[in-house]
Amino acid sequence: MPKASILMPVYNAQKTVLRSLKSLLRQDYSDFEICIINDGSTDATLEVLSRFSDPRIKIYDLPENLGLVGALNAGVAKIDAKYILRLDADDVCHEERVGRQVRFMEENPGLSLSGTWCHLIDRNQDKLLQKVPTGNDDLKARLYFNNPFVHPSMIFKRSVLEKYKYNAEYKHCEDYALWVELSMDEDISFANIPEALVYKFENRGENISHMYFEDQLRSCSILRRELLQYLGVDFSAAEMELHDAISINAFPDQDLAIVLKRVEDWLLRLQKANNNSRRVASGSFDFELAQRLIPVYKHALKLGLCSADKLQSSRLISSLQPSQIRLVQSWLGSA
């Protein structure tokens, strides 16, 4: 039995799956299999897959299209390896990806899952480095606002995905839903390797994230609501709307000075709730709150509605560690 299995659901991926598979077969680590779940493809995906004779490739045909969540859960049930890695049929791995991530998990046995940074490749082949938090506490703090993991970069202990399933109720953000559920289990620890080991191709107009953006917004809002309840925060519909706006950094220019005050007051409420419930390490949570405040202040600075001194005197900023305050000051310098 191989130590690791790459879980790759495919659906009508004839144009991209060849590129993804080749990147896996070029890995400098070999103790893995590739578990491909053909989710009822109606194009030439199976024909493309048939070109490969590598014994590590295992193809499972679903009799009907179950959708991504159904295909993922079906794939987990087929795997016996100690570790499960994710890859989508339109993404590519660095040649050291599998070996690096398996070794990272072996060297950090307390981790339940981990990911990496990634390179986002647009239609013009321009490359953008996507950085995400790396430590357990920082990751759990970021979850209260948005998704801190690159799904196709993930590696899991198989036992985690046997206990916690992907949930189809959260349309088009099943990964974020899984991280939120896992974060409420105190025995689960997260991490990200601070290197880009995956190349994610963003085809606007075809990519799921763009096709179902409104569904994602609604599902993400529900998940944030669950986390706020877990934190012990009571909130109104207006406050939930504000929290969502903070999470995606979407604020109107009109009445921005009033909005700025509302944002800071709300974030201070979250800080107080976390201090009481101790759901997240306070240093990480407070720094995440400060990062949510900075974009609103920077926007207000550009409109001449406040000064940099006002931000630095904020109770949220003044409660940070000296190294964090220096970071805030450097970010303000780029306003």
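In what follows, every heavy atom counts, from backbone to side chain, and hydrogens, waters and symmetry copies are set aside.
- Applying the salt bridge (charged side-chain N to carboxylate O under 4.0 Å, His left out) test to every pair with at least one member in residues 220-237, sequence neighbours left out, gives these pairs: Arg224-Asp244.
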For residues 42-52, which side-chain donor-acceptor pairs fall under 3.5 Å, sequence neighbours excluded?
| unit_1 | atom_1 | unit_2 | atom_2 | d |
| --- | --- | --- | --- | --- |
| Thr42 | OG1 | Asn12 | OD1 | 3.4 |
| Thr42 | OG1 | Asn12 | ND2 | 3.3 |
| Asp43 | OD1 | Thr45 | N | 3.0 |
| Asp43 | OD1 | Thr45 | OG1 | 2.6 |
| Asp43 | OD2 | Ala13 | N | 3.4 |
| Asp43 | OD2 | Gln14 | N | 3.2 |
| Asp43 | OD2 | Thr45 | OG1 | 3.4 |
| Thr45 | OG1 | Ala13 | N | 2.8 |
| Thr45 | OG1 | Gln14 | N | 3.3 |
| Ser50 | OG | Glu47 | O | 2.6 |

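- Within the structure, salt bridge (charged side-chain N to carboxylate O under 4.0 Å, His left out) contacts touching residues 93-104 (residues at least two apart or in different chains) are Glu96-Arg100, Arg100-Glu195.
- Ring centers of Tyr144 and Phe285: under 6.0 Å apart, within the cut-off.
- For the side chain to side chain contact (heavy atoms under 4.5 Å, CB included) test, residues two or more places apart in sequence or in another chain that qualify with Asp255 are Ile258.
- For Asp137, the side chain to side chain contact (heavy atoms under 4.5 Å, CB included) criterion is met by Ala281, Ser284, not counting sequence neighbours.
- The salt bridge (charged side-chain N to carboxylate O under 4.0 Å, His left out) search around Lys261 returns Asp265, not counting sequence neighbours.
- Cluster partners of Val132, using a side-chain heavy-atom cutoff of under 4.5 Å among ILVMFWY residues and allowing indirect links, are Trp117, Leu129.
- Among residue pairs with one or both ends in residues 52-76, those qualifying as salt bridge (charged side-chain N to carboxylate O under 4.0 Å, His left out) are Asp54-Arg56; sequence neighbours excluded.
- The 12-atom threshold is exceeded at CZ of Arg279, counting heavy atoms of other residues, nucleotides or ligands nearer than 6.0 Å.
- In this structure, the salt bridge (charged side-chain N to carboxylate O under 4.0 Å, His left out) partners of Arg269, at least two apart in sequence or on a different chain, are Glu239.
- Here the two rings, on His151 and Tyr176, have centers that are 6.0 Å apart or farther.
- Scanning for salt bridge (charged side-chain N to carboxylate O under 4.0 Å, His left out) contacts around Lys157 gives an empty result, with sequence neighbours left out.
- The side chain to side chain donor-acceptor pair (under 3.5 Å) check on Ser5 picks up Glu33, with sequence neighbours excluded.
- Annotation: salt bridge (charged side-chain N to carboxylate O under 4.0 Å, His left out) contacts of Lys163 (sequence neighbours excluded): Asp185.
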